[in-house]
Amino acid sequence: MKKILFLTSMTSVVLIMEWLLILSGIVPLEALEPSRINATGYRTWFMSFSVPDLWIISWCLLSVLSALRNNNSAILLSMITGSSMVFLALVTITFYAQNSMLFDLNYYQLFENLAVAWLLMAGGWLIFSGIQRFGSVPVEDENQKQGSPGRTVEADGD
């Protein structure tokens with residue numbers, strides 16, 4: 001649970017800080033605009049990520065709250081968070097590849113590439129860790145209601 005707590009809280013803090021820096025003008029969006037593509041198109045594309053980022057932040061915070069309570073739902077919530085993170089990273093990589101921006105490394109683009117790497121690695125870990133942990137989550141069944149010990153869900157689906 002500590003890794004879930006760390007990864008989801010760090011992701012939400014970084015995403016919130018990124019949007020605060022951009023919306024406040026401390027990091028001008030124009031600095032992120034690569035010279036090879038239409039600046040208006042890039043600005044529109046970038047700003048459209050506010051809603052998906054808010055979606056990820058929401059799931060991160062739900063995961064954090066659940067992990068702080070040591071609730072097993074943190075595993076499922078973190079898997080949803082991880083899936084959202086990986087999806088966002090793949091959309092970004094696809095856009096960068098289609099616009100020849102993957103290796104367009106100015107300071108801000110390097111930061112964006114690091115953010116994508118974080119989304120892929122942390123999101124992937126949350127997904128695969130959750131899959132492994134589902135093998136040890138207790139499941140309530142009829143035997144447990146009658147006072148016998150319950151069973152656990154096995155990783156192979158038994």
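Position 1 is the first residue of the sequence; numbering continues from there.
Residues passing the side chain to side chain donor-acceptor pair (under 3.5 Å) test with S78: none are found, sequence neighbours excluded. Take W19 and apply the ring-ring contact (aromatic ring centres under 6.0 Å, His included) test, not counting sequence neighbours, and it matches F46. For the side chain to side chain donor-acceptor pair (under 3.5 Å) test, no residue two or more places apart in sequence or in another chain qualifies with T92.
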Check step by step if side-chain hydrogen bond (donor to acceptor under 3.5 Å, both in side chains) holds for S73 and S66. CA-CA 6 Å; S73 64; S66 187; 2.7 Å; yes

Kindly determine whether N72 and R133 satisfy side-chain contact (heavy atoms from CB on, under 4.5 Å), including the steps that lead there.
CA-CA 9 Å; N72 283 332; R133 288 175 182 229; over 6 Å; no

Problem set entry | Derivation and outcome, side-chain contact (heavy atoms from CB on, under 4.5 Å), residues T11 and W118 | CA-CA 8 Å; T11 300; W118 170 267; 2.9 Å; yes

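Within the 4.5 Å cutoff, no side-chain heavy atoms of V86 are placed close to those of L119.
Under a hydrophobic clustering in which Ile, Leu, Val, Met, Phe, Trp and Tyr are joined whenever their side-chain heavy atoms come within less than 4.5 Å, directly or via other members, M47 and L54 fall into different clusters. A continuous path of ILVMFWY side-chain contacts below 4.5 Å connects I56 to L61, so both sit in one hydrophobic cluster. Residues L65 and M85 do not share a hydrophobic cluster, defined by chaining ILVMFWY side chains whose heavy atoms lie under 4.5 Å apart.
In this structure, CD1 on I127 lies 11.0 Å from CD1 on I80, to the nearest 0.5 angstrom. The distance from atom CG of N71 to atom CG of L62, rounded to the nearest 0.5 Å, is 11.5 Å. Here the CD1 atom belonging to I4 is positioned 8.5 Å from the CG atom belonging to L7, to the nearest 0.5 angstrom. From M121, atom CE reaches atom CG of L126 across 12.0 Å, with rounding to the nearest 0.5 Å. Summarising the geometry, atom CG belonging to L77 is positioned 11.5 Å from atom OG belonging to S58; distances are rounded to the nearest 0.5 Å. One distance of note links CD1 of I93 with CG of L88; it measures 10.0 Å at 0.5 Å rounding.
S63 places no side-chain N or O within 3.5 Å of a backbone atom of A74 that could act as its donor or acceptor partner. Formation of a donor-acceptor pair under 3.5 Å by the S83 side chain with backbone atoms of M79 is not found in this model.
Think of V64 as one node in a network of Ile, Leu, Val, Met, Phe, Trp and Tyr side chains linked at under 4.5 Å; its network also takes in L5, L68. Through direct or relayed side-chain contacts under 4.5 Å between Ile, Leu, Val, Met, Phe, Trp and Tyr, V13 connects to M17.
The stretch residues 57-91 participates, sequence neighbours left out, in these ring-ring contact (aromatic ring centres under 6.0 Å, His included) pairs: W55-W59.
Shown here for C60 and T81, the closest heavy-atom pair between the two residues is SG-CG2, 3.5 Å.
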